[in-house]
Amino acid sequence: MNYGYFDGPNREYVITRPDTPASWCNYLGTPAYGAIISNNASGYSFVESGAMGRIMRFRFNSVPMDQPGRYIYLRDAESGDFWSGSWQPVGKDLKDYKSECRHGTGYTVIKSEYSGIQTETLYYVPMEGLYEVWNCKVKNVGDTPRKLALTGFVEFTSDSNYEQDQVNMQYTYFTTRTYFRDKFILQAINENCAEAGVTGSAGTSDERAEGIYRYFGAAGATVASYEGDRDTFLGDYRDYKNPISIENGKCSNVLNFNKNSCGALQFDVVLQPGEEKTINFVFGAGGNDTAAKLVTKYEDMNQVAKDLQGVKDFWYARLDRLQIETPDENFNHMINMWNSYQCLLTFIWSRTASFQYCGQRNGLGYRDTVQDIQGTVHIDPELSRERLELMLSAQVDNGGGLPLVPWGYKPHTIGTPDDEDYVRATQHPYYRADDALWLFPTVHTYINETGDYDFLNKTIPFSNIGEGTVYEHLRRAIQFNLDRQGVHGLPAGLHADWNDCLRLGSKGESTFVAFQLYLGINNLKQYASRFGKADDIVWCDSLLTKMDATIQENIWNEDRFVRGITEDGYVVGHRDNDEGSMWLNPQSWAVISGATKGDQGKIAMDTVHEILNTKYGAMLLFPAFQKYGLPVARMALMNPGTKENASIFSQSQGWLLLAETMLGNGNRAFEYYKEFNPATMNDTAEIRKIEPYAHGQSIEGIESPFHGRGTVHWLTGTASTVMVGMHYGILGLQPDENGLRIDPCIPSDWSGFKMSRIWRGKTLKISVFNPAGVQKGVTSTIVNGLEIRGNYINADILKDGGFENEIKVVMG
Ligand code: GLC
C-alpha cells in the first residue's frame, strides 16, 4: 500500500494519506533549536539538547500514536463542527477530510480540506533564533461566507529536562505559570528566581537558581480568547481530539498557576467565498521582550518567504554537491535528497532526538559520531572537520575513545572510563574495542575529499592529558588494540565491538575489530610512507604479517570468517554452531580491510548471499540466538529476527554494498541496495511501517512474524554507511590527495548515468556510458574534450569556480 510519493524536482516527500502506519517525520531546525514533526503535526522542540532543553511536550510511545504537537483547530461557528489543520488529533473521517503533507529540507507543509475550508500550514525554524514559525493560511473554497474559530495550541514542558517533566510532578506541578500579553502567552518557570530577559536555558529546575521563559504568540490577527492552563483547555476526561475550549468555540481565558501550562490562542476568522487569511504563530524560548519583538516581526507577511528561502539555501547548497541521474529513480531520490539529508541530520542530532530516542544519551557516542562524519564530509567538509577534531580530542592518551562525549565537552576536564568523575557523569565505565578505530576510515575520507594531508600534522589534545598530532592519535588507536588482545593475538572485544550486544570481554577476541585494525594499520602505513617515517613502516609491516598469519590460522572457516573467539574458546560464528553460525560483518569487513587471501572474499560474500540474503536485505547473522546467551551473546535478550539478534541491521548493508563493489559485483550490490532501500518499499509501506524516505536502525528478519518491518527511524549510522557504499562504491567517486578516480560499479543493465559533483571548489559534470553492459571497468575518460589515460583525473587539470568540467567516462 502506498501513502505518498517522492517529488524529486521539489525535493519533497508528499504524504497523500495521513493514516500512515507509523508517524512519518521530518526534522526542523539548527543545532541551536531543534524540532521533530510528524505528518500529523505531532512532535516536540528543544533548545540545543533533546534531553535538557525540551520546551514542547510530547509523550513517547503514547496512545493515540505520538501526541501532542503543533495543533491548529478549526470550528465552524454555525454548525459547531470542528476539525484540525492536520488530520490528527481530531481525526475526521477520511471520506470527508483531505490532507497532504510535504516534508522538505528543514520545513514541513501540512494542507487540509474539509467542509469547504482549506488550510495550509508551513512549519519551519529560521536559520537563526530559538523559535519556530507556523505560517497558517486558511481559505474559504466554498460559495457561502464562513465564520470560523481558529485556535493554535501547544503544550509547554514544565521542566527543560524531559525526564523530570514527565515524572517529577510533585515538583514540577508547582513551578510554572502563564501570562497573557495581548498577542502571546508567556510561560514562566521558577519565576521567583528569574532575572529580566532570561531565555530558555537548559538544565534541571531543581538544580538551577534561575527562571525560564517560553512563549507562544501569533501575528496577523487579533486574539479573541486564550488559555494558558492545559487542563482548562482540554477539560476533564477529554483529550486532544475534543478539547472543551474547541467544542465551545472559544477559550475561557484561564492561565495556569501550577500544574500544566499550554499556549492556546483563538481567533475569530470570517471568510467570504474565495477569501484567504494568514496567521503566523511563533513558539520558542525567551522572555517578554523576545516574544513581543518576534510577533511584530511576523506581522510582516514577507518575512516567512525570506526565512524559508534561507532554510532552503542552506540545504540546497549542501545537497547540490552530489546530484545524480541514474535509471533507478529510487536510488536518485536517496542520493539527491533523502540519504544525504539524513546524513546531516544524524550528524547534528546524533542519537538524541526522534520518536524513539528521547535524548537520554545526552552527548555524542564515540563510534556513532565518528561514523556519521564519514557521510557528511562530501556534503559539508568544514563542519565535518570541526566535529572530527572534537572527536580526536575525545580520544584518551591510551588510544581508546571516550564512550560518550557529553554536549559541550572540553578536553582535559572529565577524566576517562577509569575515573570516577567520568563514570559518574556519563555512566560509562568501560571502553569499546572499536571506538577509535573508526577514525581511520573517517580521517581518510576527510583528507581525500579536501586534499588536506597537513591535517595529519595538526596537534590536538588527548581527552585526559597531553596532546599529539592527528597522526599520533591514529598511531595510538592501533596501540590501544595491540595492548588489549586475546590468546590468538586478535584484538579483544571488550565491552562491545560495534555490536553493542556482543560482549567478548577483555580476553575474548573480535574478528570484526581485527579487520578494522588491519585496515587502520594499512592506512597508517600509507601515511608513514608519505611522511618518510621508516620505523613506522617497519612496525606496520610486521604487524600486518603477524595479523595475516593469525587471521588465516584462526578465523577462516571453510566458506566464511567467524565472528569471534570467547575467553573459554567458543568460536562465535562457526559453521557448525546451532545459533549464529553465519555473520555478515566479518565477511564484508574482510573484503573492505583487504585482509582476504585468494578467493576468500568471493567465497565469503557468496555465503552471505546464500544464507543471509532476504527480500529486504542481508541479515546481521543467522540463526538468531535463543539458547546461547549472556554473558557473551546479549542479543539473546531480544526476540529472534530483531535488532542485533538476526534482523537486517541497516548499517551493515552499507558495508555489504561497499564490499560487493570492491569485488566488482555491481549486479549483486544493487540487488542488495534495492532490497533494503526504504524507497523501494514505498508501495508496501504497510509492511515497512516507518518512513519510506529514511533509513531505520533495522528491518526485522525472517525469524520475525513481521519480516520487513522497519524500526527505530531516522537517527542511525546507516545514513553515513550506506552513503559511503553508494558514493565511493556504486558511483565510484574516489578522490585522493592529487585527484579523483571514477570507477563505478553498477548493474550491467544500466546503459549509463550522470553525476554532478562539487569537489574542492570545482564543478564536475560527469556522464558515464556503459555500451558493453559491464558491471565495472573503465575504458576511456575524456576531460573537457581531452582523453586521459585510465580513469584517474589529476585535480590540476580541472578548472575552478563556476566552470563546468565536462567528464565523459566510458565503461567496458
Ligand atoms: C546501534 C548503536 C551503534 C551500534 C549498533 C550495533 O545502532 O547506535 O553504536 O554499533 O547499534 O550494536
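No hydrogens, no waters, no symmetry mates; every other heavy atom, side chains included, goes into these values. In each ligand, atom 1 is the first atom listed, and ligand 1 is the first ligand listed.
- Every residue meeting the ring pair (Phe, Tyr, Trp, His ring centres under 6.0 Å) condition with Phe60, not counting sequence neighbours, appears here in chain and number order: Tyr44, Phe58.
- By the salt bridge (Lys or Arg N to Asp or Glu O under 4.0 Å) test, Arg351 pairs with Asp368, Asp372, sequence neighbours left out.
- The heavy-atom pair separating Ala436 from Gly399 by the smallest distance is CB-O, 3.1 Å.
- Paired with Phe561 under the rule ring-ring contact (aromatic ring centres under 6.0 Å, His included), one option of Trp583, Phe515, Trp589 passes, and it is Phe515.
- By the salt bridge (Lys or Arg N to Asp or Glu O under 4.0 Å) test, Glu610 is found to be paired with no residue, residues two or more places apart in sequence or in another chain being considered.
- A donor and an acceptor atom, one from each side chain of Asn677 and Asn330, are nowhere located under 3.5 Å apart.
- Protein residues having at least one heavy atom under 4.0 Å from any atom of ligand 1 are Arg367, Asp368, Trp498, Asn499, Asp500, Glu644, Phe649, Gln697, listed by chain and number.
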